[in-house]
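Heads up, the thing below is written out as structure tokens.
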Amino acid sequence: MDAFVKLIGTDVAVGQVWLFRASVAFLPVLLFVRFVEGQRLATALHTQNLGLQVLRGFFGAATFLTIVLALRVSELAAVAIFGLTSPLIMIVIGVLFLRERVRPVLIGLSGLACCAAFAIVPTSGDIVLTGAAWAFLSALCHAFAAVIGRILMRKDAPSTMALYTNIVAMFCAVFVATLGSWTPMSSMDFMYCVVVGLLGGGSYLCLAIAIKHIELSQASLLEYTVYIWAVLFGFSMFAETPSIIQVLSAVVICSCAIAIDKLNSD
């Protein structure tokens with residue numbers, strides 16, 4: 001999804017890209033609800049936690065908006081570096097807001113990982129300060145959405161969370177698109193926007209299902225493969241080559257994540 005967002009570049013207004021992401025994303029979710037879960041839409045929308053669903057939707061919408069802004073000024077793999085910090089930020093959020101007990105060493109490792117991400121800003125031409133700020137804000141919003149999802153999954157189905165996330169994103173996108181300018185789109189840009197919506201909706205749905213059926217730590221570790229994909233897509237689609245400092249930063253972050261997972265399992 002991020003690769004196609006970057007392909008669009010600045011040719012299409014942010015509000016338009018966001019609107020396509022929110023509207024087209026309904027398709028994979030609705031197909032899953034109808035043909036996999038065998039539910040009616042009204043049943044899938046039933047929740048006892050409407051407030052949390054809406055709040056998670058806002059964080060999900062903000063995650064996409066900030067990642068679009070980051071990708072417009074920075075390379076794909078460089079932005080992915082900050083995405084790696086999201087599961088680690090979740091630990092800090094759990095301590096601050098959910099009063100989870102955690103050993104100080106875990107907080108220290110999480111802090112080291114975030115510092116490693118920002119270390120690439122002054123030493124690598126792959127990302128600028130503005131891009132780093134947007135990318136880190138996206139990781140922060142994603143972490144909040146994931147933590148809220150942990151609470152919601154106790155009673156709500158993954159498809160319910162995905163539906164409310166898209167509904168809230170749709171309202172936000174319509175608001176932003178209305179305020180901003182609407183730019184003419186080529187047929188290729190239109191296709192890219194549709195693909196962004198399909199992949200975006202599918203990714204949130206798959207993540208919700210994954211967290212429902214496997215341990216959160218396992219899901220977090222799998223998310224760290226995103227950097228490998230970002231490097232591959234960045235090189236093949238945009239001829240982007242990661243810098244040495246960027247690779248070292250990714251190694252430090254992933255090492256911190258693996259160490260945290262090992263400490264949690266001991």
Side-chain angles (χ1 to χ4, degrees), residues 1-8 12 14-50 52-65 67-68 71 83 86 138 141-142 145-146 148-177 185 187-216 218-220 222-223 225-226 229 233:
M1 185 193 72
D2 292 349
F4 277 95
V5 167
K6 189 165 182 63
L7 270 177
I8 297 169
V12 182
V14 173
Q16 286 174 255
V17 178
W18 200 4
L19 189 58
F20 270 90
R21 161 63 182 86
S23 56
V24 179
F26 274 111
L27 180 59
V29 179
L30 291 176
L31 289 175
F32 180 83
V33 170
R34 183 67 183 90
F35 296 105
V36 178
E37 292 186 335
Q39 295 190 78
R40 300 178 63 180
L41 181 60
T43 304
L45 286 171
H46 177 72
T47 179
Q48 298 178 352
N49 305 283
L50 182 59
L52 281 180
Q53 290 285 6
V54 172
L55 183 61
R56 183 181 184 273
F58 275 117
F59 280 117
T63 299
F64 179 75
L65 176 62
I67 204 68
V68 171
L71 287 169
S86 184
S138 178
C141 291
H142 178 69
I148 296 172
R150 286 169 57 183
I151 300 172
L152 289 172
M153 75 175 69
R154 299 168 186 168
K155 294 184 178 180
D156 291 337
S159 56
T160 302
M161 291 188 285
L163 280 170
Y164 277 102
T165 296
N166 282 320
I167 290 171
V168 175
M170 174 73 79
F171 278 103
C172 294
V174 169
F175 178 74
V176 172
M185 297 173 61
S187 57
M188 191 62 68
D189 286 336
F190 178 83
M191 184 192 72
Y192 289 159
C193 286
V194 171
V195 173
V196 165
L198 291 174
L199 293 176
S203 66
Y204 266 98
L205 181 61
C206 288
L207 180 59
I209 296 171
I211 294 176
K212 186 79 173 181
H213 294 286
I214 65 175
E215 294 294 329
L216 190 63
Q218 292 176 295
S220 298
L222 287 173
E223 283 194 65
T225 62
V226 70
W229 294 110
F233 281 115

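In this chain, residues are counted from 1 in sequence order.
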**Study point:** Stepwise side chain to side chain contact (heavy atoms under 4.5 Å, CB included) check, Arg34 with Arg40
**Key:** CA-CA 6 Å; Arg34 183 67 183 90; Arg40 300 178 63 180; over 6 Å; no
Review point. Hey, mind stepping through Phe64 and Val68 against side chain to side chain contact (heavy atoms under 4.5 Å, CB included) and telling me if it holds?
Key: CA-CA 6 Å; Phe64 179 75; Val68 171; 3.6 Å; yes
Review point. Do Val5 and Ile67 touch side chain to side chain, with heavy atoms closer than 4.5 Å?
Key: no
Practice item. Any chance you could measure Asn166, atom CG, to Phe171, atom CZ, to the nearest 0.5 Å? Key: 12.5 Å
Exercise for review: Could you tell me whether the side chain of Thr165 and the main chain of Gly60 form a donor-acceptor pair under 3.5 Å?
Suggested key: no
Check your understanding: Do you know which two heavy atoms are closest between Cys172 and Phe58, and how far apart they sit?
Key -> SG-CE2, 3.6 Å
Check your understanding: Do any N or O atoms from the side chain of Thr160 and from the backbone of Leu45 form a donor-acceptor pair under 3.5 angstrom?
Key -> no
Exercise for review: Over all heavy atoms of both residues, which pair between Asp156 and His46 is shortest? Give the atoms and the distance, please.
Suggested key: OD1-O, 4.3 Å
Revision key, fill the gap. For Ala22 and Ala173 the tightest heavy-atom approach is CB-CB, 4.5 Å
**Study point:** Straight-line distance of Arg21 CZ to Leu199 CG, nearest 0.5 Å
**Key:** 9.5 Å
Review point. Taking Ser159 for the side chain and Val33 for the main chain, is one N or O donor matched with an acceptor at less than 3.5 Å?
Key: no
Check your understanding: Is there a donor-acceptor pair under 3.5 Å between the side chain of Asp189 and the backbone N or O of Met185?
Key -> no
**Study point:** Distance in Å, Leu152 CG paired with Gln53 CD, rounded so as to fall on 0.5 Å steps
**Key:** 4.5 Å
Exercise for review: Verify side chain to side chain contact (heavy atoms under 4.5 Å, CB included) between Phe190 and Phe20, making sure each step is shown before the conclusion.
Suggested key: CA-CA 9 Å; Phe190 178 83; Phe20 270 90; 3.5 Å; yes
Point to revise | Heavy-atom pair of closest approach, residues Thr63 and His142 | key: OG1-N, 3.2 Å
Point to revise | Flag side-chain contact, heavy atom, 4.5 Å: Leu55 against Val168 | key: no
Review point. Rounded to the nearest 0.5 Å, how far apart are NZ of Lys155 and CG of Leu52?
Key: 10.5 Å
Practice item. Flag the pair Val195 / Met1 as yes when at least one side-chain heavy-atom distance between them is below 4.5 Å, and no otherwise. Key: no
Check your understanding: So which heavy atom on Val194 is nearest to which on Val24, and how close?
Key -> O-CG1, 3.5 Å
Point to revise | Verdict with supporting geometry, Val29 and Phe32, side chain to side chain contact (heavy atoms under 4.5 Å, CB included) | key: CA-CA 5 Å; Val29 179; Phe32 180 83; 5.7 Å; no
Review point. Got more than 12 heavy atoms from elsewhere within 6.0 Å of CZ, Phe26?
Key: yes
Point to revise | Asp2: partners by side-chain hydrogen bond (donor to acceptor under 3.5 Å, both in side chains), with sequence neighbours left out | key: none
**Study point:** Expected output: side-chain Ser203 to main-chain Gly200 donor-acceptor under 3.5 Å
**Key:** yes
Practice item. Using a cut-off of 6.0 Å, state whether more than 12 heavy atoms not belonging to Met191 lie near its atom CE. Key: yes
Check your understanding: Any side-chain heavy atom of Leu19 within less than 4.5 Å of one from Met170?
Key -> yes
Review point. Going from CG on Leu41 to CG on Leu163, what distance comes out if it is rounded to the nearest 0.5 angstrom?
Key: 6.0 Å
Point to revise | Nearest-0.5 Å distance that lies between atom CZ in Arg154 and atom CG in Asn49 | key: 10.0 Å
